[in-house]
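Have a look at the structure below, then the notes.
By convention here, the first residue in the shown sequence is residue 1. Since we're looking at a predicted model, the values are computed, not measured. Values below: all heavy atoms of this structure, side chains included; hydrogens, waters and symmetry mates excluded.
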Amino acid sequence: MIQFKEVSKVFGTGKKEVRALDKVSFTVGSGEIFGLLGPNGAGKTTSLRLLSTLLKPTQGQITVAGLDTVKESQEVRNRIGFLSSDMNLTGSLSARELFRFFGDLNHIEEEEIANRSNRLIGQLKMGDFYERKVETYSTGMKQKALIGIALLHDPDIIIFDEPTNGLDIITGRVVLDILKDLKNRGKTLIVSTHIMSIAEKLCDRIGIIHKGTIRIIGTLEEIYEKTGEPDLEEAFFSVIGGVTEDEGYHHRSKKRA
């Protein structure tokens, strides 16, 4: 289980202070896929970086399986797999070599690293390129390799920030199938995305965040009922009150019938 309890995050001081999160509270249950939606700058990535222990909250507490992300950060890191939207791969190592390297970092035995690598290469459909240098990879190939690295140590909790970012429709479908498989295996997932159709198909519950605060949380049906809107896109804009183009969304002028 994941719990955010009155979490605030402030960057800078004085006149340059930016409150990225303001008393955010929500819970993600075990075996659940929770979607975190919001325009650019809403607080999605900050929330996930706090959860992954890369940042510390200014106020409040975050726990993962009962472990405090500040006081027990190493134990939390052992339990999670994190894919950040700004991660990238360069250099002369292959995906196979990277899997081996990160397996060693996680103290996984060599035979088990090989078994898990082979399974992930098959699931992610990496057979045509996994022995090539990552500097030759396309965006989709790199994303697959990064997902493999995040999952290699078989974490109980998976944190994916924009997992289909930059992917073509076929590769994106592969990633969604993997996320569904992880849920079926009892994993807990928290996923941020800009793509409404992904959230609708994938998530058990959804939280919409805007300007650092959670505006609404619930299942699709609960969100539709609370907003009186027929689909997630319309509910989203109803909740946040419309956005400008630089916030990452383009609102249609006419609602669906």
Item checked: Full working for side chain to side chain contact (heavy atoms under 4.5 Å, CB included) between Ile214 and Ile208 -> CA-CA 6 Å; Ile214 295 288; Ile208 297 177; over 6 Å; no
Measuring from atom [atom1] of [X] to atom [atom2] of [Y], what distance do you get when rounded to the nearest 0.5 angstrom?
| X | Y | atom1 | atom2 | value |
| --- | --- | --- | --- | --- |
| Leu124 | Met141 | CG | CE | 13.0 Å |
| Arg205 | Glu221 | CZ | CD | 13.0 Å |
| Thr45 | Leu36 | OG1 | CG | 9.0 Å |
| Leu37 | Ser192 | CG | OG | 8.5 Å |
| Glu135 | Ser94 | CD | OG | 11.5 Å |
| Met126 | Tyr137 | CE | OH | 5.5 Å |

Hey, can you pull the donor-acceptor pairs under 3.5 Å for the side chains in residues 166-191, sequence neighbours left out?
residue, atom, partner, partner atom, Å
Asp168, OD1, Ile170, N, 3.0
Asp168, OD1, Thr171, N, 2.7
Asp168, OD1, Thr171, OG1, 3.1
Asp168, OD2, Thr171, OG1, 3.3
Arg173, NE, Asp177, OD1, 3.4
Lys183, NZ, Asp204, OD1, 2.7
Lys183, NZ, Asp204, OD2, 3.3
Asn184, ND2, Lys180, O, 3.4
Arg185, NH2, Asp154, OD1, 2.9
Lys187, NZ, Asp154, OD1, 3.0
Lys187, NZ, Pro155, O, 3.2
Thr188, OG1, Gly31, N, 2.9

Should we say atom [atom1] of [X] is surrounded by more than 12 heavy atoms from elsewhere, each under 6.0 Å from it?
| X | atom1 | answer |
| --- | --- | --- |
| Glu222 | CD | yes |
| Glu111 | CD | no |
| Lys142 | NZ | yes |
| Glu110 | CD | no |

[X]-[Y] co-clustered via ILVMFWY side chain contacts under 4.5 Å:
| X | Y | answer |
| --- | --- | --- |
| Leu152 | Leu146 | yes |
| Tyr130 | Leu98 | yes |
| Ile217 | Ile240 | no |
| Phe101 | Ile121 | yes |
| Met1 | Ile157 | no |

So, do [X] and [Y] sit near enough that their side-chain heavy atoms are less than 4.5 Å apart?
| X | Y | value |
| --- | --- | --- |
| Thr13 | Glu17 | no |
| Ile223 | Glu229 | no |
| Arg100 | Ser117 | no |
| Ile206 | Leu220 | yes |

Next item on the list: Run the numbers on Lys23 and Glu6 for salt bridge (Lys or Arg N to Asp or Glu O under 4.0 Å), then give the verdict.
Entry: CA-CA 4 Å; Lys23 296 182 180 180; Glu6 296 288 303; 5.1 Å; no
Check: Is the NZ or CZ atom of Lys9 both under 6.0 Å from the centre of the six-membered ring of Phe11 and within 45° of that ring's axis?
Finding: yes
Notebook entry, point to check: Do you see a donor-acceptor pair shorter than 3.5 Å between the side chains of Thr213 and Asp22?
Noted result: no
Checklist line | Test item: side-chain donor near acceptor, Asn40 and His194, under 3.5 Å | finding: yes
Notebook entry, point to check: What do the steps show when you test Ile158 against Ile80 for side chain to side chain contact (heavy atoms under 4.5 Å, CB included), and what is the final call?
Noted result: CA-CA 6 Å; Ile158 294 99; Ile80 65 173; over 6 Å; no
Note to self: Arg215: which residues meet the salt bridge (Lys or Arg N to Asp or Glu O under 4.0 Å) condition with it, sequence neighbours left out?
What the structure shows: none
For residues 53-63, please give each side-chain donor-acceptor pair under 3.5 Å, one per line with the distance, not counting sequence neighbours.
residue, atom, partner, partner atom, Å
Thr53, OG1, Arg77, NH1, 3.0
Thr58, OG1, Val10, N, 2.8
Gln61, NE2, Asp68, OD2, 2.8

Check: Quick one: does Ser52's side chain have a donor or acceptor within less than 3.5 Å of a partner on Arg49's backbone?
Finding: yes
Measure across [X] and [Y] and return the closest heavy-atom pair with its distance rounded to 0.1 Å.
| X | Y | answer |
| --- | --- | --- |
| Ser47 | Ile209 | OG-CD1, 4.1 Å |
| Ile195 | Thr164 | CD1-OG1, 3.7 Å |
| Ala199 | Leu232 | CB-CD2, 3.7 Å |
| Ala235 | Thr227 | CB-OG1, 3.5 Å |

Notebook entry, point to check: So does Glu75 pair up with Arg79, basic N to acidic O under 4.0 Å?
Noted result: no
Notebook entry, point to check: Picking from Phe26, Phe160, Phe4, what satisfies ring-ring contact (aromatic ring centres under 6.0 Å, His included) with Phe34?
Noted result: Phe26
Check: Would Leu48 and Glu162 count as a side chain to side chain contact (heavy atoms under 4.5 Å, CB included) if you check the C-alpha gap in whole Å, the side-chain angles of each, and the deciding distance to 0.1 Å?
Finding: CA-CA 11 Å; Leu48 300 188; Glu162 300 290 351; over 6 Å; no
Next item on the list: Using the side chain to side chain contact (heavy atoms under 4.5 Å, CB included) rule, take Phe129 and Arg132 through it: C-alpha gap first, then chi angles, then the decisive distance, then the call.
Entry: CA-CA 5 Å; Phe129 63 87; Arg132 286 166 39 192; 3.8 Å; yes
